[in-house]
2 protein chains.
Amino acid sequence: MPSEQIENYLKNIYKIQSVEGKVSTSSLSEKLQISPASVSEMVKKLADEGSLTHTPYKGVELTESGKRAALKIVRKHRLWEMFLVEVLHFGWDEIDEEAEKLEHIMSGKMEDKIDEVLGFPSVDPHGDPIPTKSGTVKTIRSFALTDVEEGSTVRVVRVNDANAELLQYASSIGLSLNKKIALKQRMKFDNSLIIKIGSKEMTISATLAENIFVESV
Amino acid sequence: MPSEQIENYLKNIYKIQSVEGKVSTSSLSEKLQISPASVSEMVKKLADEGSLTHTPYKGVELTESGKRAALKIVRKHRLWEMFLVEVLHFGWDEIDEEAEKLEHIMSGKMEDKIDEVLGFPSVDPHGDPIPTKSGTVKTIRSFALTDVEEGSTVRVVRVNDANAELLQYASSIGLSLNKKIALKQRMKFDNSLIIKIGSKEMTISATLAENIFVESV
DNA sequence: CCAAGAATTTCGGTGCGCCTAAAATATAAA
DNA sequence: TTTATATTTTAGGCGCACCGAAATTCTTGG
């Protein structure tokens with residue numbers, strides 16, 4: 001059984017790998033808030049254990065076994081997030097921190113029970129896919145709200161969960177999962193958008209829009 | 001915020017104190033499965049921090065502040081146990097181990113949410129009282145099934161949760177919280193009891209009976 | 001009362017994950 | 001291409017909670 005720190009290393013390597021392709025010591029150090037020196041050491045250890053391959057001074061890549069371990073934790077994290085929202089009625093923006101701790105102490109039995117109570121969900125409250133028990137992840141096709149054409153209507157399928165304040169704000173303006181959004185106008189000078197959610201019209205910044213992912217409706 | 005090990009030390013000191021009055025290094029060592037040498041060191045540290053008083057070569061006693069910290073953990077443990085049974089449908093005998101991990105990573109907010117979902121319970125699934133948020137514990141008046149008079153009927157209010165196998169067995173014979181038990185006969189040669197639960201008559205060992213606590217009905 | 005024997009504490013040491021500072025290597029600008 | 005700068009790794013160390021062994025102190029039977 002991997003320790004909590006190892007789980008965190010693997011999970012975050014997986015996440016960086018998904019977004020940036022390449023995983024450097026410094027990006028990991030940044031994400032984990034651990035000194036580059038320590039990360040370098042740990043990476044060596046993980047390479048020895050076969051969870052990843054490491055080319056010194058280059059970068060890191062998860063092995064199959066490392067990826068499997070990472071996906072296990074991602075699954076647990078997202079199941080907990082779902083549980084916190086659905087069963088304990090936590091807000092969108094409060095769940096990441098709690099799930100961060102819970103994911104490491106979740107037995108297989110617990111995982112199954114929670115999965116069952118939730119009705120075997122396929123995405124978490126931010127719209128991120130929940131990996132299956134066997135370790136597959138559904139890719140959700142979507143594009144950023146920034147890229148929507150003026151005049152079209154779309155549906156929110158995912159919100160970037162990297163920033164709690166952003167989530168907090170999004171939810172405060174009624175921008176939540178599965179909501180329909182009509183794009184009225186794009187301002188040329190700063191790319192901010194005038195949108196309509198339900199009957200309410202509002203302006204949102206380009207920065208916010210970059211973190212909202214939608215599909216055509 | 002106390003670390004996980006410290007929480008475990010305090011919780012177990014509290015438990016031993018409740019049952020045996022005196023808390024020795026060896027009893028703690030036994031319960032925590034940590035060497036006497038290590039326990040002795042940690043006790044010194046806890047004394048320095050003001051959580052307990054320690055008379056070398058004698059024993060240990062929680063201070064008010066130590067007791068408060070211990071009760072916080074006991075409360076969290078029992079809330080989780082309740083939650084595991086009521087919401088996740090775990091069995092009586094499976095919950096202690098899970099709660100043992102969960103208790104240490106429960107934020108105040110989480111505590112409140114769970115308390116609320118459960119309807120502010122006053123006892124856990126074994127009948128042990130859940131300390132209040134302010135740190136008071138209701139004493140439940142009861143006596144061991146061993147001490148019941150022949151012919152009388154009683155109600156189960158608590159089952160000693162120290163042994164999972166015992167819990168497992170108790171539940172398998174339909175002996176659960178709030179069940180009514182009629183004591184038909186006590187065998188003189190080994191103190192085993194013939195009891196009736198509902199319409200079913202059965203024999204239980206004295207050892208089991210010592211761990212079942214009841215009140216008159 | 002005194003000498004085992006039992007319980008407790010002290011001592012020296014370990015593993016683990018972290019750190020800072022210094023050395024090695026890679027990258028980019030001149 | 002060379003050199004300055006940025007990134008990464010190595011070296012040396014630290015704190016924490018643990019350990020076994022040895023020293024100390026308590027307890028109890030003779």
Nucleic acid contacts of residues 9-25 of chain A, taken as heavy-atom distances under 4.0 Å to DNA chain D: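 Heavy-atom cutoff 4.0 Å gives S24(A), T25(A).
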Phosphate OP1/OP2 of dT8(D): any H54(A) side-chain N/O under 4.0 Å: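 For dT8(D), neither OP1 nor OP2 has a side-chain N or O of H54(A) closer than 4.0 Å.
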dC16(C) phosphate, OP1 or OP2, under 4.0 Å from S3(A) side-chain N/O: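 Checking dC16(C) against S3(A), no side-chain N or O comes under 4.0 Å of OP1 or OP2.
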Which residues share a salt bridge (charged side-chain N to carboxylate O under 4.0 Å, His left out) with E4(A), sequence neighbours left out: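 Counting only residues at least two positions away or on another chain, E4(A) forms no salt bridge (charged side-chain N to carboxylate O under 4.0 Å, His left out).
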Which residues share a salt bridge (charged side-chain N to carboxylate O under 4.0 Å, His left out) with K133(A), sequence neighbours left out: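 Once residues adjacent in sequence are excluded, the partners of K133(A) under the salt bridge (charged side-chain N to carboxylate O under 4.0 Å, His left out) criterion are D112(A).
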Side chain to side chain donor-acceptor pair (under 3.5 Å) partners of S142(B), counting only residues at least two apart: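 S142(B) satisfies side chain to side chain donor-acceptor pair (under 3.5 Å) with no other residue.
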Please report the shortest heavy-atom distance between [X] and [Y], naming the atom on each side.
X       : Y       : answer
L166(B) : N160(B) : CD2-O, 4.3 Å
E100(B) : H77(B)  : OE1-CE1, 3.5 Å
L177(A) : D124(A) : CD2-O, 3.9 Å
I114(B) : M106(B) : CD1-CE, 3.7 Å
V214(A) : V156(A) : CG1-CA, 4.0 Å

How many Å lie between [atom1] on [X] and [atom2] on [N], as a whole number?
X      : N       : atom1 : atom2 : value
E30(A) : dT8(D)  : CD    : P     : 12 Å
I34(A) : dT7(D)  : CD1   : C1'   : 18 Å
L46(A) : dC18(C) : CG    : P     : 10 Å
Q33(B) : dC18(D) : CD    : P     : 13 Å
Q5(A)  : dG17(C) : CD    : C1'   : 6 Å
K58(A) : dA6(D)  : NZ    : C1'   : 14 Å
K44(B) : dT8(C)  : NZ    : P     : 16 Å
L28(A) : dG17(C) : CG    : P     : 15 Å

Taking only N/O atoms, report every protein-nucleotides 20-22 of chain D pair under 3.5 Å with atom names and distance.
none

E97(A) CD: over 12 foreign heavy atoms closer than 6.0 Å: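 Not buried by this count: 12 neighbours or fewer within 6.0 Å.
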Donor-acceptor side-chain pairing of S29(A) and T25(A) below 3.5 angstrom: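 Side-chain D/A pair, S29(A) to T25(A): absent.
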Protein and nucleotides 23-25 of chain C: nitrogen or oxygen contacts under 3.5 angstrom:
none

Residues K109(A) and E98(B) bridged, charged N to O under 4.0 Å: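 No, this pair does not count.
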